[in-house]
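Owing to the predicted nature of the structure, the values given are computational and were not obtained by experimental measurement.
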Amino acid sequence: MSELSPERVTAFFDEVASDWDTMRIAYYDERVIERMSSAAALEDTMIVADVGTGTGFVAAGVASRVARVLAVDASPAMLAVARSNLETLGITNVELIQGDAGRLPLEDDSVDAAFANMVLHHSEDPGAMLADMARVVRPGGTVAICDEVEHDHEWMRTEHADVWLGFTASRVTELFAAAGLEQLSVEALGMQ
């Protein structure tokens with residue numbers, strides 16, 4: 001783990017918010033939305049949380065499949081870009097909420113699924129983040145994350161405010177188990 005504070009991570013995303021949609025293409029694409037959506041077996045009556053929504057990429061991708069999306073992010077600048085993106089797309093069932101991924105401003109058992117795309121490696125305490133995601137998901141619901149596989153690119157701590165340099169499958173399994181999550185499925189998806 002690095003010594004990056006949550007404030008520094010938020011400041012990084014405030015700085016890059018207007019460029020993030022272009023930057024993210026090098027790391028992930030719409031396939032993450034499809035994988036998380038299929039894991040949760042989304043239905044049009046569901047309420048889902050998009051934790052660390054950033055520019056609203058996942059929220060926009062699942063909005064037409066569910067009743068409502070609660071999109072949480074700590075960065076005001078990212079939320080501003082998300083708001084603009086959602087308005088441009090005409091999406092009206094996403095509620096943008098400023099808040100911390102490790103202390104979600106959502107009620108217990110309030111959503112059917114919680115998604116986090118490329119957020120866990122920015123979390124000061126990934127276990128606490130997953131536990132809080134589990135807290136807000138109704139019994140029988142789904143917590144789905146997409147994140148970095150463990151790597152040794154130290155430059156990402158400085159250039160991308162990465163707190164963790166990804167995770168091994170065994171570490172993800174440990175984190176999910178500690179959060180009380182069951183029926184874990186881990187798969188590595190590479191960019192093609």
Side-chain angles (χ1 to χ4, degrees), residues 13 17 20-75 78-102 104-123 129-148 172 175-176 179-192:
F13 284 107
W20 188 251
D21 284 327
T22 303
M23 292 171 62
R24 72 145 180 94
I25 293 170
Y27 301 101
Y28 58 89
D29 60 22
E30 288 75 10
R31 288 178 293 163
V32 301
I33 295 169
E34 295 308 317
R35 294 302 301 138
M36 289 192 288
S37 295
S38 66
L42 294 180
E43 297 178 8
D44 62 4
T45 57
M46 296 175 117
I47 299 171
V48 300
D50 179 15
V51 177
T53 194
T55 61
F57 170 72
V58 171
V62 301
S64 66
R65 305 171 198 200
V66 299
R68 190 166 165 220
V69 180
L70 305 175
V72 179
D73 203 282
S75 166
M78 283 291 207
L79 289 171
V81 173
R83 183 171 290 103
S84 176
N85 287 346
L86 295 167
E87 287 173 1
T88 297
L89 294 169
I91 296 172
T92 60
N93 64 332
V94 175
E95 180 182 347
L96 298 172
I97 304 166
Q98 186 171 352
D100 187 304
L104 294 168
L106 304 174
E107 298 293 322
D108 294 359
D109 304 328
S110 60
V111 299
D112 299 292
F115 302 134
N117 179 46
M118 300 300 282
V119 180
L120 199 63
H121 69 277
H122 290 288
S123 176
M129 180 183 144
L130 285 171
D132 210 44
M133 290 176 71
R135 175 188 65 79
V136 303
V137 173
R138 294 181 182 105
T142 301
V143 172
I145 65 164
C146 179
D147 216 288
E148 295 177 353
V172 170
L175 290 168
F176 268 69
L181 297 163
E182 302 170 352
Q183 300 178 354
L184 175 67
S185 173
V186 178
E187 69 182 280
L189 301 173
M191 288 296 289
Q192 296 175 342

Table please: side-chain donor-acceptor pairs of residues 38-45 below 3.5 Å, with sequence neighbours left out.
from, atom 1, to, atom 2, distance (Å)
S38, OG, E34, O, 3.2
S38, OG, R35, O, 3.1
S38, OG, R35, NH1, 3.4

Residue that, paired with [X], satisfies side-chain contact (heavy atoms from CB on, under 4.5 Å) out of [options]:
X    : options            : answer
V136 : L70, V143, L106    : L106
T53  : V72, V69, V58, L79 : L79
F115 : V51, V62, I145     : V62

Any side-chain to backbone donor/acceptor pair from [X] onto [Y]? Under 3.5 Å, distance only.
X    : Y    : value
D50  : A59  : yes
D112 : V48  : no
R135 : D109 : no

Using every non-hydrogen atom in the two residues, find where [X] and [Y] come nearest and quote the distance to one decimal.
X    : Y    : answer
D73  : G52  : OD2-C, 3.2 Å
V94  : A71  : CG1-CB, 3.8 Å
M129 : A116 : CE-CB, 3.6 Å
A63  : N93  : O-ND2, 2.8 Å

Next on the checklist: How long is the straight-line distance from CD1 of I47 back to CD of E95, given to the nearest 0.5 Å?
Outcome noted: 10.0 Å
Checklist entry - When rounded to the nearest 0.5 angstrom, what is the spacing between CG in L86 and CG in L96? => result 5.5 Å
Next on the checklist: Does any part of the side chain of I33, heavy atoms only, come nearer than 4.5 Å to the side chain of F57, both counted from C-beta?
Outcome noted: yes
Checklist entry - Which residues satisfy the salt bridge (Lys or Arg N to Asp or Glu O under 4.0 Å) test with R83, sequence neighbours excluded? => result none
